[in-house]
Amino acid sequence: MDALWMLPLLLVPLLLLTSSTFVFYFKKCFYVAWMMMLAVIAIPICILKSGGRDIENMRVIRFLVRHVKYLLGLRFEVSGWEHLQMDGPYVIISNHQSSLDVLGLMEVLPDRCTMIAKKELIYAGTVGIICWLGGIVFINRQKTSDAKSVMADAAKTMLKEQIRLWVFPEGTRNQKGDLLPFKKGAFHLAVQAQVPIIPIVFSSYSNFYLRKEREFKSGTISLKVLPKIETKGLTSDDVSSLSDQSYAIMRSTFLEISGRTPQSNGPSSAH
Ligand SMILES: CCCCCCCCCCCCCCC(=O)SCCNC(=O)CCNC(=O)[C@H](O)C(C)(C)COP(=O)(O)OP(=O)(O)OC[C@H]1O[C@@H](n2cnc3c(N)ncnc32)[C@H](O)[C@@H]1OP(=O)(O)O
Ligand SMILES: CCCCCCCC/C=C\CCCCCCCC(=O)OC[C@@H](O)COP(=O)(O)O
């Protein structure tokens, strides 16, 4: 009789664990909490090592984040490593589906590379602090003129300090099963600094992570590093065609590694 009373106590956790909605919220909350906690560990290490905001702190962040994929049941299959074996500064562009992209980013992040991010991220608690310590360049997306001048400064810093910048040219997270039109900032940046662009494509997350359907299963993500696109000798007049060229290559790669067939050429640049 006593054992019967125990049954609900055993059944409730079992039902919760098998409910995909519960698993979705649990994994999401766990991800945020774990990243916040990792940032708590990373902050003093970075301050002690570098004394403050320094791109070298990205090594510490990369090291601390690399195991998180295992906790969420995710794996990355990276191809095209050889395209990242290059000296000097460059701009990396990649598609942006979710905050989970950070895990893939940390898989391939080269040395002396930081990101361009929306300024709101600085208010994300300990994660915001670690982003600042890692040298992330914050832009105000609501004020194009501010964003442009921050990126123009970043182009100079890239050359002076030999750094690489990672930009998400879609400008926002997107899980529509295709790439959004590209914003122009990343291409102006590369042209102003006269540095190559390296496109990196993440395959679709739709087979394991669906925000609307509240599903977050285990899954494998293909990450394809594509050959560099040179910008030497290009001017601001070439930015649109550079953006279109990058969009076309990345879109066909996205559809290919996500197991889809191209339907149309799609929009290439933001209007
Ligand atoms: C231990 C725990 C650790 C946890 C640590 C985690 C760390 C990892 C953090 C990862 C961070 C990831 C963050 C991701 C993001 O935040 S994505 C969102 C922010 N990023 C972007 O928005 C980048 C892409 N956007 C752009 O490039 C835009 O172009 C932007 C510069 C923002 C301006 O946007 P917008 O106002 O919408 O304008 P347009 O793009 O339409 O451009 C308008 C005209 O201006 C011209 N332009 C644009 N940029 C420039 C420039 N730099 N110089 C000169 N001119 C520029 C553009 O060509 C347009 O003119 P035309 O229409 O061509 O005439
Ligand atoms: C006290 C503040 C609490 C804030 C909690 C939020 C903290 C987030 C914590 C963990 C996640 C770790 C990875 C953080 C990096 C996420 C970057 C990201 O994906 O930003 C979104 C941005 O690209 C585009 O934004 P929108 O799609 O336009 O919107």
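Every number for a ligand or one of its atoms is a count from 1 in the order of the listing. All figures in this text were calculated on a predicted structure; none of them were measured in a lab.
Using cut-offs of 30° and 60° for the angle between ring planes, the F30 and F26 rings count as parallel. Between F182 and F187, the ring-plane angle classifies as parallel under the 30° and 60° cut-offs. Ring-plane geometry between F216 and Y209 is classed as perpendicular, the angle between the planes exceeding 60 degrees on a 0 to 90 degree scale with a lower cut at 30.
Close approach of ligand 2 to V32 (heavy-atom distance below 4.0 Å) involves ligand atoms 9 (C), 10 (C). Each of the atoms 16 (C), 19 (O) of ligand 2 lies under 4.0 Å from some heavy atom of S99. For ligand 1 and V167, the ligand atoms under 4.0 Å from any heavy atom of the residue are 23 (C). Residue F168 approaches ligand 1 through these ligand atoms, each under 4.0 Å from one of its heavy atoms: 12 (C), 14 (C), 23 (C), 24 (C). For ligand 1, the atoms closer than 4.0 angstrom to any heavy atom of A186 are 27 (O). Listed by atom number, the atoms of ligand 1 under 4.0 Å from M151 heavy atoms are 31 (C), 52 (N). Counting atoms of ligand 1 from 1 in the listed order, those under 4.0 Å from a heavy atom of I139 are 20 (N), 21 (C), 22 (O), 32 (C). Remark: ligand 1 atoms within the under-4.0 Å shell around heavy atoms of Q192 are 53 (N), 54 (C). Heavy-atom contacts of H96 reach the following atoms of ligand 1: 14 (C), 17 (S) (cutoff under 4.0 Å). Close contacts of ligand 1 with T144, meaning ligand atoms under 4.0 Å from a residue heavy atom, involve 35 (P), 36 (O), 38 (O), 43 (C).
The nearest non-hydrogen atom to atom 37 (O) of ligand 1, considering only M36, M58, K183, comes from K183. Nearest residue to atom 13 (C) of ligand 2 from L103, V102, N174 is V102 (criterion: closest heavy atom).
With a 6.0 Å radius and a threshold of 12 heavy atoms from other residues, nucleotides or ligands, F63 has its CZ atom at or below the threshold.
Ligand 1 has a nitrogen or oxygen under 3.5 angstrom from a nitrogen or oxygen of G185. An N or O contact shorter than 3.5 Å links R141 to ligand 2 by distance. Taking distance alone, with nitrogen or oxygen atoms compared against 3.5 Å, Y31 stays at or beyond that limit from ligand 2. Considering backbone and side-chain atoms together, K118 places an N or O closer than 3.5 Å to an N or O of ligand 1.
L189 does not count as a contact of ligand 1, since none of its heavy atoms falls under 4.0 Å from the ligand. The closest approach between a heavy atom of Y123 and any atom of ligand 2 is below 4.0 Å.
Between the side chains of R260 and S206, at least one donor-acceptor pair of N or O atoms lies under 3.5 Å. With hydrogens and angles left out, the side-chain atoms of W166 and S94 include a donor and acceptor closer than 3.5 Å.
E215 approaches K217 most closely through the heavy-atom pair OE1-CE, 3.4 Å.
Taking a cutoff of 4.0 Å between a charged side-chain nitrogen and a carboxylate oxygen, E107 and R66 qualify as a salt bridge. Electrostatic pairing of R62 and D111 counts as a salt bridge here, judged by a charged N lying under 4.0 Å from a carboxylate O.
A distance of 13.0 Å separates CD1 in I129 from CZ in R53, rounded to the nearest 0.5 Å.
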Next on the checklist: L74 vs V68, test: side chain to side chain contact (heavy atoms under 4.5 Å, CB included). Steps then yes/no.
Outcome noted: CA-CA 9 Å; L74 302 178; V68 179; over 6 Å; no
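Cation-pi geometry between K119 and F138 is not met: the NZ or CZ atom fails to fall both under 6.0 Å from the ring centre and inside 45° of the normal.
Contact annotation: for K184 versus ligand 1, heavy atoms closer than 4.0 Å belong to both the backbone and the side chain. Residue contacts with ligand 1, taken as heavy atom pairs separated by less than 4.0 Å, involve I136 solely via side-chain atoms from C-beta onward.
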